[in-house]
Amino acid sequence: MKQLFISCGHVCPFPGCTLTLIDYGSSPPSILGEIAHIEASATGGPRGNANLSTKARDAYENLIVMCPTHHTLVDKDPNRFSAEDLRTWKAAAERGVRDRLAIAVVSVSFAEIGLICNAYADGTLGTPSTPMVAMDPGKKMDHNNLTDRVRPHLTTGLAQAGMVADFLRRQSQLVPTFPARLRSGFLAEFERLRSDGATPDDVFLGLITFATTSAAAPQDSLDRRFLLQVAAAAVLAHLFEVCDIFESPPA
């Protein structure tokens, strides 16, 4: 689940651990993090809860992503590491990411916006254009069953959506088809994610992840990748607000 990795900043949330959960030096990037159950997937497992339904056991709220070492540690010693401990670590990591988003958004520049746009602007022009009219993002979130897990990324992105619009205006003077190609590229990845059965939240975060991974260089630091992630959120937020990236609510 992409949201588990993004919501912890791609770093193991175990207290004091700084291991990254994705190796970007390989191509494609290698997933190093492991998804753990806060309350066990089976009643007799670590931190098992017989009252938890099968659906709830595999829900986002009951999952946490960790490095392999600490995943093994917490499951081998559940008396020492309680379900409440794991929830506390996960919540702390999520707060940390929200704080970093608020700080990083002011550092996004045309350079990062350009990298993200170019990552998507190879789309074909086969999809019909739609009116570029701004709409209420909150209503559009509700209409598409997006949850509060993506709200920090959308809110952060909207703070720089004006910069994205300015970039696209300037770029269209040089390459008139650029905005349409950008939209088409986003729509192609949007449809791919949906056809793979991704949840609405995972589609939203998958679009950010795809653009970030495509724009980043292998040698980029985690901080640099985080800045590109914020730029990707800004581009997606702009398109989310003004065109048919996700369905528009009825007028």
Using modelled atom types only, decide if a donor and an acceptor are shared between the side chain of [X] and the backbone of [Y] within a distance under 3.5 Å.
X	Y	answer
Y24	S30	no
E94	C8	no
K90	N62	no
D201	Q3	no
K140	P249	no
D196	A198	no
E191	A188	no
R98	S7	no
R57	S41	yes
D136	G138	yes

In Å, rounded to the nearest 0.5 Å, how long is the span from [atom1] of [X] to [atom2] of [Y]?
X	Y	atom1	atom2	answer
L21	H10	CG	NE2	8.0 Å
Y120	F186	OH	CZ	4.5 Å
H143	K139	NE2	NZ	12.5 Å
E39	N49	CD	CG	4.5 Å
I35	I31	CD1	CD1	9.0 Å
L154	L146	CG	CG	8.0 Å

Of all heavy-atom pairs between [X] and [Y], which one has the smallest distance, and what is that distance?
X	Y	answer
L168	P179	O-CG, 4.1 Å
A40	G48	CB-CA, 3.8 Å
C117	L182	O-CD1, 3.6 Å
N145	P200	O-CB, 3.8 Å
A121	F178	CB-CE1, 3.5 Å
F167	G114	CZ-CA, 3.5 Å

Got a salt bridge between [X] and [Y], using NZ or NE/NH1/NH2 to carboxylate O under 4.0 Å?
X	Y	result
R95	D99	no
R194	E189	no
D75	R47	yes

Side chain to side chain donor-acceptor pair (under 3.5 Å) partners of residues 209-223, not counting sequence neighbours, each pair once: R100-D223
Pair D202-L193, side-chain contact (heavy atoms from CB on, under 4.5 Å): steps then yes or no: CA-CA 8 Å; D202 272 347; L193 289 165; over 6 Å; no
Under 4.5 Å side-chain linkage, directly or through intermediates, the cluster mates of I38: F14, I64, M66, L73, V74, F81, L86, W89
Report yes if the side chains of [X] and [Y] come closer than 4.5 Å at any heavy-atom pair, otherwise no.
X	Y	answer
L158	E241	yes
D58	H37	yes
R224	L228	yes
V164	I116	no
V108	L227	yes
L207	I245	yes

Derivation and outcome, side-chain contact (heavy atoms from CB on, under 4.5 Å), residues F246 and V203: CA-CA 9 Å; F246 289 90; V203 170; 3.7 Å; yes
ILVMFWY network linking V97 to I103, side-chain heavy atoms under 4.5 angstrom: no
Verdict with reasoning, D85 to S82, per side chain to side chain donor-acceptor pair (under 3.5 Å): CA-CA 5 Å; D85 288 334; S82 68; 3.2 Å; yes
E34 and H70: CA distance, side-chain angles, deciding distance, side-chain contact (heavy atoms from CB on, under 4.5 Å) verdict: CA-CA 9 Å; E34 296 179 354; H70 288 121; over 6 Å; no
Whether F240 and F204 hold their rings parallel, tilted or perpendicular, with breakpoints at 30° and 60°: perpendicular
side-chain contact (heavy atoms from CB on, under 4.5 Å) against A165, all qualifying residues, sequence neighbours excluded: R169, H238
Residues I22, L32; criterion side-chain contact (heavy atoms from CB on, under 4.5 Å); working and verdict: CA-CA 5 Å; I22 298 179; L32 305 180; over 6 Å; no
